[in-house]
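Please read these numbers as outputs of a predicted model, since none were measured by experiment. Each residue takes its place number in the sequence, starting with 1.
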Amino acid sequence: MMYGTAWKKDDTARLVHLALSAGFRGIDTACQPKHYNEPGVGEGIRSFLEYQPQCNNSPPVTRNDLFIQTKFTPLSGQDTSRPIPYDSHTDLTTQVQQSLRASLKNLGTTYVDSLVLHSPLRNIRDTMVVWRAFEEAVKSGTAKQIGISNIYDVAEYERIWAEAEIKPTVVQNRFYATTAYDSDLRKLLRTASPSATYQSFWTLTGNPKILQHPRVLGIVRLLNSENQDSEQEEEPLVITPAHVFYRFAMDLGIVPLNGTKDVDKMKSDLRVARMVNLLTDEDRQQLRELIGE
């Protein structure tokens with residue numbers, strides 16, 4: 001599970017610090033001032049690394065313990081009425097280079113663990129020009145891996161994969177019914193690209209009906225009943241529909257983005273991320289049926 005930083009605006013630094021203090025180690029952002037405050041992400045990371053709480057004599061968290069992911073956002077996804085992180089009149093390769101330099105400065109790091117293309121461009125030629133610039137970032141060490149977001153056409157992904165010298169290792173999409181939960185794309189990733197990670201956003205926001213479905217509520221009631229009868233070292237966690245759906249997504253091999261602003265939810269969601277045996281095979285099958293698998 002990663003902490004998502006979209007729409008946090010002036011509260012970004014505080015929330016990133018809180019998320020890292022709660023136990024998140026993966027942070028997702030973008031060099032897109034329209035929806036992200038990337039400098040605030042960098043400030044939150046720096047303040048945590050400098051003033052992090054010490055627990056149980058554990059060693060301090062360092063930059064190398066974090067997974068920092070940012071995105072290059074094409075001009076179509078930028079708000080051109082405000083400053084953007086690159087010269088919109090220059091070529092695409094230079095735009096990527098300028099955007100990545102801005103991200104490294106904003107985030108206070110010499111490299112990002114993952115660089116993601118925020119969306120495909122208007123045609124495959126332009127997309128591959130950007131992808132070649134991404135590949136150069138990997139070769140130079142400023143990006144450890146590269147991926148793509150908002151790609152819902154399996155054939156388009158296959159074309160990018162075929163033409164790429166360095167293959168995508170991240171696909172980040174909305175996980176909801178409108179796209180059939182990317183069933184075909186996730187199947188392709190499992191078979192043709194098992195090292196690639198599928199990251200989901202809108203995991204909760206895009207699924208209000210599932211979160212209130214009688215099957216999900218039944219699983220929640222049963223889990224909470226079992227919690228009352230079991231002996232645990234930690235205080236029993238009150239399971240919610242959100243916990244069940246997050247755990248189900250992770251059981252499918254998905255890495256969900258979590259954008260909560262509530263520190264208690266941060267902590268409880270991370271506890272669920274560690275509870276690998278929370279759901280039974282029967283639970284998972286019921287949930288698979290809800291998403292059409």
Side-chain angles (χ1 to χ4, degrees), residues 2 4-6 26-32 34-36 38 67-78 85-86 91-100 102-103 111-140 142-176 178-203 206 249 252-257:
M2 298 178 65
T5 62
I27 302 292
D28 175 82
T29 186
C31 203
Q32 183 200 34
K34 178 180 179 181
H35 293 154
Y36 294 81
E38 195 176 52
F67 184 91
I68 301 175
Q69 176 172 276
T70 193
K71 305 179 193 76
F72 165 75
T73 305
L75 189 61
S76 61
Q78 301 280 6
Y86 53 78
D91 61 274
L92 288 170
T93 298
T94 304
Q95 289 178 18
V96 172
Q97 293 168 344
Q98 292 177 347
S99 180
L100 181 53
S103 288
Y111 69 93
V112 291
D113 298 276
S114 182
L115 175 63
V116 173
L117 174 55
H118 216 153
S119 65
L121 282 79
R122 58 185 176 180
N123 57 56
I124 189 65
R125 183 187 64 82
D126 286 351
T127 296
M128 292 313 299
V129 169
V130 169
W131 196 259
R132 299 299 179 216
F134 274 36
E135 291 173 335
E136 289 304 312
V138 173
K139 293 174 183 178
S140 71
T142 51
K144 299 300 183 183
Q145 65 178 38
I146 49 180
I148 188 166
S149 183
N150 293 296
I151 183 162
Y152 302 98
D153 185 328
V154 173
E156 185 175 22
Y157 180 80
E158 288 180 312
R159 178 79 180 273
I160 295 169
W161 173 269
E163 295 193 19
E165 176 188 354
I166 299 176
K167 308 299 184 184
T169 52
V170 169
V171 172
Q172 185 188 105
N173 277 351
R174 287 183 180 88
F175 188 66
Y176 67 154
T178 302
T179 58
Y181 296 96
D182 276 337
S183 179
D184 290 340
L185 180 57
R186 289 188 293 109
K187 182 178 179 180
L188 175 66
L189 293 179
R190 290 194 300 270
T191 55
S193 180
S195 62
T197 299
Y198 181 94
Q199 299 175 355
S200 63
F201 62 95
W202 274 31
T203 313
L252 291 177
I254 295 169
V255 176
L257 268 62

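- Heavy-atom minimum distance, Ala164 versus Trp131: CB-NE1, 3.3 Å.
- With respect to Tyr198, the side-chain contact (heavy atoms from CB on, under 4.5 Å) criterion is satisfied by exactly one of Val255, Asp182, Val170: Asp182.
- With Thr5 contributing its side chain and Asp28 its backbone, the two residues share a donor-acceptor pair below 3.5 Å.
- In this structure, the separation between NZ on Lys71 and CG on Asn150 is 9.0 Å, given to the nearest 0.5 Å.
- Without hydrogens or angle criteria, Arg186 side chain to Tyr181 main chain gives a donor-acceptor distance under 3.5 Å.
- The neighbour count for Lys139 NZ, taken as heavy atoms of other residues, nucleotides or ligands under 6.0 Å away, is above 12.
- The shortest distance between side-chain heavy atoms of Leu185 and Tyr152 does not fall below 4.5 Å.
- One finds the CD1 atom of Ile27 at 12.0 Å from the OG1 atom of Thr70 (value rounded to the nearest 0.5 Å).
- Residue Leu188 holds its CG atom at 5.0 Å from CD of Glu158, rounded to the nearest 0.5 Å.
- Two residues are said to be in side-chain contact when any heavy atoms from C-beta on lie closer than 4.5 Å; Asp113 and Tyr111 meet this criterion.
- Shortest non-hydrogen contact noted between Ser149 and Phe201 is OG-CE2, 4.1 Å.
- Taking 4.5 Å as the limit, every side-chain heavy atom of Phe72 sits out of range of all side-chain heavy atoms of Leu100.
- Under the 4.5 Å side-chain criterion, counting only non-hydrogen atoms from C-beta, Phe67 is not in contact with Lys144.
- Side-chain atoms of Ile148 and Pro120, non-hydrogen and from C-beta on, do get closer than 4.5 Å to each other.
- Counting only heavy atoms from C-beta outward, the side chains of Gln78 and Pro85 approach each other to under 4.5 Å.
- The shortest non-hydrogen separation linking Trp161 to Lys167 is O-NZ, 2.6 Å.
- Salt-bridge annotation for Arg159 and Glu156: absent, with no side-chain N of the basic residue lying under 4.0 Å from a carboxylate O of the acidic one.
- For the atom pair CG (Leu115) and CD (Gln69), the distance works out to 9.0 Å, reported to the nearest 0.5 Å.
- For the residue pair Pro168 and Tyr157, the shortest heavy atom distance occurs at CB-OH, 3.8 Å.
- No donor-acceptor pair closer than 3.5 Å links the side chain of Ser114 to the backbone N or O of Ile146.
- The closest side-chain heavy-atom distance from Met128 to Glu135 is not below 4.5 Å.
- With contacts defined as side-chain heavy-atom distances shorter than 4.5 Å, the pair Val96/Tyr86 does not qualify.
- For the atom pair CD (Gln95) and SG (Cys31), the distance works out to 12.0 Å, reported to the nearest 0.5 Å.
- The heavy-atom pair separating Leu121 from Leu117 by the smallest distance is CD1-CD1, 4.0 Å.
- The CD atom of Gln172 sits 12.0 Å away from the CD1 atom of Ile254 when rounded to the nearest 0.5 Å.
- Nearest approach of Ala137 to Ser140, heavy atoms of both residues: O-OG, 3.0 Å.
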